[in-house]
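The figures here come from the full heavy-atom set of this structure, side chains too, leaving out hydrogens, waters and symmetry mates. Fair warning: this is a prediction, and the values are worked out from it, not measured in the lab. Reminder, nothing fancy here: chain letters follow the sequence lines and each chain counts from 1.
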2 protein chains.
Amino acid sequence: MIRSKASIIEACAALIAEEGFSGVSIEAVAARSGAAKTTIYRHWPSREALLAEAFGVCADAALPSPDTGSLREDLRVVLGGLTLKLNDAGWCSAIGSLADAAGRDVTLERLHQTTLSTGRRPLTGILERAVERGDLPPGLDIEDAVALIVGPLFYRAMIARQPVAEAFVARAVDAALAELGRART
Amino acid sequence: MIRSKASIIEACAALIAEEGFSGVSIEAVAARSGAAKTTIYRHWPSREALLAEAFGVCADAALPSPDTGSLREDLRVVLGGLTLKLNDAGWCSAIGSLADAAGRDVTLERLHQTTLSTGRRPLTGILERAVERGDLPPGLDIEDAVALIVGPLFYRAMIARQPVAEAFVARAVDAALAELGRART
DNA sequence: GCGGTACGATACGCCGCCGTAGCGAAGTGC
DNA sequence: GCACTTCGCTACGGCGGCGTATCGTACCGC
């Protein structure tokens, strides 16, 4: 039947958003989903397996992946999508608690890195196309560029824990592009 | 006597650095410090009180607060200090786990905000003096400026979880200053 | 409508942690 | 050196989570 699986994952994702990655217990998932604890253990071998699967649900919703031909416009679109997520407490809780837990568990570190690299793919794509067009200098370090662009946004939302305003995103883009547009030292 | 208090705080700070803010139990502190659980409860009314006090130890070590008259040089010094902390796994664990937990507990949110505003005071001081000297435009939004400057560094260390290189810090400074030096829109 | 499967409910033993209590042994002040 | 404080040790009842086992039942395909 597997009619319970979906509701279990949904409940688990909601709990991750509320309580954080390490604050979710199987008992709580069972209570919230209406499923029995036994049923959960029938579907997943361990707590980690369930969490990993449920995590995708609340963090994987992809960013837009525009290709307008204009670097600035592409960035505006993709960072608009990112801003929506950064201003969502549940998303921040999920990502933040996983990032935190990743420092103490190799398995979680892998999950976190996978999530990260999947999530920023739209952005790296934009940057690579901009390099091909000549809008950004060749040999650009994509990793550095991503950190320069989204770093201020993540800091604002997840460290300072304050809302990310559209005007601030614009400033961050201006700052990053001013630097990235220069030939490298 | 109070000879036990110091060792308890020290053990608690070490555990925060290792296990994160919400991964510390009184029993673990007792075992690690050599003190009895009873003694801990004699000194602190609750787990939270102890954690708050111990947190200061492993996160409060102040950044340098230079005033060389040169904005770039001041930034170089203070961000050098910050980079040392960001490349320390214990510091990241402490700050990151508190930032994460702050989303679910008002008391911890206050502690986190206090830690943040204390920690960035050297940086805000530098920026304010630069504005007074005319090196930065008047009316500069200090909050925005701080996020622009340190955001990429925090992202690199605590989100991407990779080492922060000196060259990257230089690029982040260049990017932020290029934007901050402009008149605001 | 009959077998098989997926499920819910309950109960179990185990563990780790909570916060408290009682006691005896050190160290400290005078 | 005596009173007093601080401390370590042990034990307690309670709680919540773990992962497993058992049993009864609802749903499915055919």
*Asks:* Roughly how bent is the helix from C:dG4-D:dC27 to C:dC30-D:dG1 end to end, in steps of 10 degrees, with each end axis from five pairs?
*Replies:*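 End-to-end axis angle: 20°.
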*Asks:* Send over the distance from B:Leu51 CG to C:dC17 P, rounded to a whole Å.
*Replies:*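 In whole Å, C:dC17 P lies 14 Å from B:Leu51 CG.
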*Asks:* Please state how far atom CG in B:Leu50 lies from atom P in C:dG19, giving the value in whole angstrom units.
*Replies:*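 Spelled out: CG on B:Leu50 to P on C:dG19 is 11 Å.
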*Asks:* Starting at atom CD of A:Glu48, determine the distance to atom C1' of D:dG19, rounded to an integer number of angstrom.
*Replies:*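 After rounding, the gap between these two atoms is 13 Å.
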*Asks:* Have B:Arg76 and B:Ser70 got a donor and an acceptor in their side chains that come within less than 3.5 Å?
*Replies:*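 No, no side-chain donor-acceptor pair sits under 3.5 Å.
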*Asks:* Listed in order of residue number, which residues of residues 36-43 of chain A have a non-hydrogen atom at under 4.0 Å from DNA chain C?
*Replies:*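 Here the set is A:Ala36, A:Thr38, A:Thr39, A:Arg42, A:His43.
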*Asks:* Is the distance between the ring centroids of A:Phe154 and B:Phe154 under 6.0 Å?
*Replies:*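 No.
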*Asks:* Could you tell me whether B:Ala35 contacts a base, only the sugar-phosphate backbone, or nothing, with contacts defined as non-hydrogen atoms closer than 4.0 Å?
*Replies:*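 Touches sugar-phosphate only.
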*Asks:* For A:Arg47 and D:dT20, give me the distance from atom CZ to atom P, rounded to whole Å.
*Replies:*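 Distance check: A:Arg47 CZ to D:dT20 P gives 15 Å.
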*Asks:* Checking B:Thr114 now: which residues fulfil side-chain contact (heavy atoms from CB on, under 4.5 Å) with it, not counting sequence neighbours?
*Replies:*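 side-chain contact (heavy atoms from CB on, under 4.5 Å) check on B:Thr114 returns B:Thr118.
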*Asks:* In whole angstroms, how far is the C1' atom of D:dG14 from the CD atom of B:Glu27?
*Replies:*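 Nearest whole value for this atom pair: 13 Å.
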*Asks:* Take the protein atom CD1 of A:Ile26 and the nucleotide atom P of C:dA9, then report the distance between them rounded to whole Å.
*Replies:*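 It works out to 17 Å between those atoms.
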